[in-house]
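These notes concern the structure reproduced below.
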Amino acid sequence: VLFRSLGLDNHELMRAQLAEYEVDCDYQAEGFWFLAREDMPDHEATLAAYRTDFELLAKDGFEVEWLDRRDSQARGGNPRYTGGFGYLTDAQFHSGKYVAGLAQGIARRPGVQLFEQTRVVQVERSGTGAIARLTNGRTVEARHIFLAVNALAPQFVRSLEPALRAERGQVLVTAPLVDRPCRGSFGTALAWWREIVEADGRWRLLFGGGRTRETPDSLFAQFEADGSPSERLETEGFRPSVEHQARLDAQFAILFPQLSGVQITHRWGGLQSFTADCLPIIGEFDPERRIHGMAGFSGRGNCFADVGAEYIAGRLTGQPGVLEAKYGGLFESVLKVGRSSANWASRQAHDG
């Protein structure tokens, strides 16, 4: 319940940002729909788990809707679905437009300077603060450094490596469609999808997935055997792979046979970061170098990013605010940096 409430507060903060910085990112509160597939070996257990989630959320006052077989097939547009539920207050938006709009809005504020087409290569302690060294030879001095690089965080703070596993996510986008392919965001075994609105009133389908959590070609080590940063993180982690593409295409054909002849106009891959307990780590990453941040969102960045930033900012400025009162204990225990439950070795030892 506490995590669901946190997610609602995160959406409220995001909506406030969109208004404050005048960001147009196609924000739509169309809900998220969880669907069970009868062609999956564990579909009965999945459906039972969805039913439990639905009942608990409904009991606690969240806006949810149960889908029986007929409803789920009508909602998802495929006869393989046996049921599921919708989380009605969930929303979707164009992430590229969001990031670009947020950057443009922040850049208009006094004292803010953005460095584009460059990157931080090193962070060092400097007196009571830190220095970030950039690839263009410049340096930035600050009292605090904040990392927002998710899967690449261990490249700057090596102690984070045990908790942050880098995995490739991969998506495809169809050519514009006359008919709306779906309404809202969806998730099922091996796939997730949502619609994208076009300026001319047509729609595209954004479709991702195509892997299990242990698919070898989508897992990336942070460091080489000699301790140097792995080059594969960026040479392969941020681009599509042939293997992943084949799996994604197979799921697309199964779930959207009516779109079999539609052109796929875009494909891309990107690194996600997962912790062993599938919860992010939020707080102070490296006290010596004054580095703070959030990482390991485990596919749930839009539930934690804004509230996490608000929490960290409140702590550092001495102005904790309402979120501290509501979720301070959660951040200090369940989401804290260095917790053993986030480490993959701890999970593997437990599973063994």
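All values reported here derive from a predicted model rather than from experimental measurement. Hydrogens, waters and symmetry mates play no part in the numbers below; they use all other heavy atoms, side chains included.
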Report yes or no: does [X] contribute a side-chain atom to a donor-acceptor pair with the main-chain N or O of [Y] at less than 3.5 Å?
X	Y	answer
Gln222	Ala151	yes
Asn343	Ala345	no
Arg315	Glu324	no
Arg339	Val334	yes
Arg194	Leu206	no
Arg37	Leu255	no
Tyr50	Ala36	no
Thr46	Asp42	yes
Ser298	Thr275	yes
Gln170	Ser241	yes

Using distance alone, with no hydrogens and no angle criterion, decide if Glu167 and Gln272 have a side-chain donor and acceptor under 3.5 Å apart. no

Side-chain donor-acceptor contact under 3.5 Å, Thr215 with Arg247: no

Validation row: [X], [Y] side chains within 4.5 angstrom (heavy atoms):
X	Y	value
Ser159	Asp286	no
Phe220	Ser230	no
Asp217	His244	yes
His11	Thr89	no
Val337	Leu160	yes
Thr174	Phe256	no
Leu177	Arg202	no
Ile312	Met294	yes

If you round to the nearest 0.5 Å, how far is [atom2] of [Y] from [atom1] of [X]?
X	Y	atom1	atom2	value
Ile264	Phe252	CD1	CZ	4.5 Å
Phe34	Ser72	CZ	OG	14.5 Å
Glu161	Gln155	CD	CD	9.0 Å
Leu279	Lys336	CG	NZ	13.5 Å

Aromatic rings [X] and [Y]: how do their planes relate, parallel, tilted or perpendicular, breaks at 30° and 60°?
X	Y	value
Phe93	Tyr27	parallel
Tyr327	Phe331	perpendicular
Tyr87	Phe62	tilted

Thinking salt bridges, do [X] and [Y] make one under a 4.0 Å N-O criterion?
X	Y	answer
Glu55	Lys59	no
Arg211	Glu243	no
Arg165	Glu214	yes
Glu310	Lys326	no

Are [Y] and [X] co-members of a hydrophobic cluster defined by side-chain heavy atoms under 4.5 Å apart?
X	Y	answer
Phe3	Leu13	yes
Leu164	Phe238	yes
Leu248	Phe186	yes
Ile106	Met14	yes
Trp268	Phe207	no

Specify the closest pair of heavy atoms between [X] and [Y], including all atoms of both residues, with the distance to one decimal.
X	Y	value
Cys182	Leu205	SG-CD1, 4.0 Å
Ala166	Leu233	CB-CD2, 3.8 Å
Trp192	Gly209	NE1-N, 3.5 Å
Leu35	Thr188	O-OG1, 2.7 Å
Pro181	Trp203	CD-CB, 3.6 Å
Phe54	Glu65	CE1-C, 3.7 Å

Ring-face cation contact, Tyr81 with Arg75, 6.0 Å cut, 45° max: no

Identify whether NZ of Lys or CZ of Arg in Arg138 sits under 6.0 Å from the centre of the six-membered ring of Phe115 and within 45° of that ring's axis. no

Would one find more than 12 heavy atoms of other residues, nucleotides or ligands at under 6.0 Å from atom [atom1] of [X]?
X	atom1	result
Glu44	CD	no
Glu124	CD	yes
Arg109	CZ	no
Arg143	CZ	no
His266	NE2	no

Yes or no on side-chain contact (heavy atoms from CB on, under 4.5 Å) for Phe285 and Ile145, after CA distance, side-chain angles and deciding distance? CA-CA 10 Å; Phe285 286 172; Ile145 300 290; over 6 Å; no

Derivation and outcome, side-chain contact (heavy atoms from CB on, under 4.5 Å), residues Ile254 and Arg80: CA-CA 9 Å; Ile254 291 171; Arg80 287 175 171 79; 3.5 Å; yes

Using the rule salt bridge (charged side-chain N to carboxylate O under 4.0 Å, His left out), only one of Arg168, Arg119, Arg239 pairs with Glu234; which is it? Arg119

Verdict with supporting geometry, Glu195 and Val197, side-chain contact (heavy atoms from CB on, under 4.5 Å): CA-CA 7 Å; Glu195 82 276 32; Val197 62; over 6 Å; no

Applying side-chain contact (heavy atoms from CB on, under 4.5 Å) to Leu6 and Tyr311, what does each step give before you reach the verdict? CA-CA 12 Å; Leu6 184 147; Tyr311 165 78; over 6 Å; no

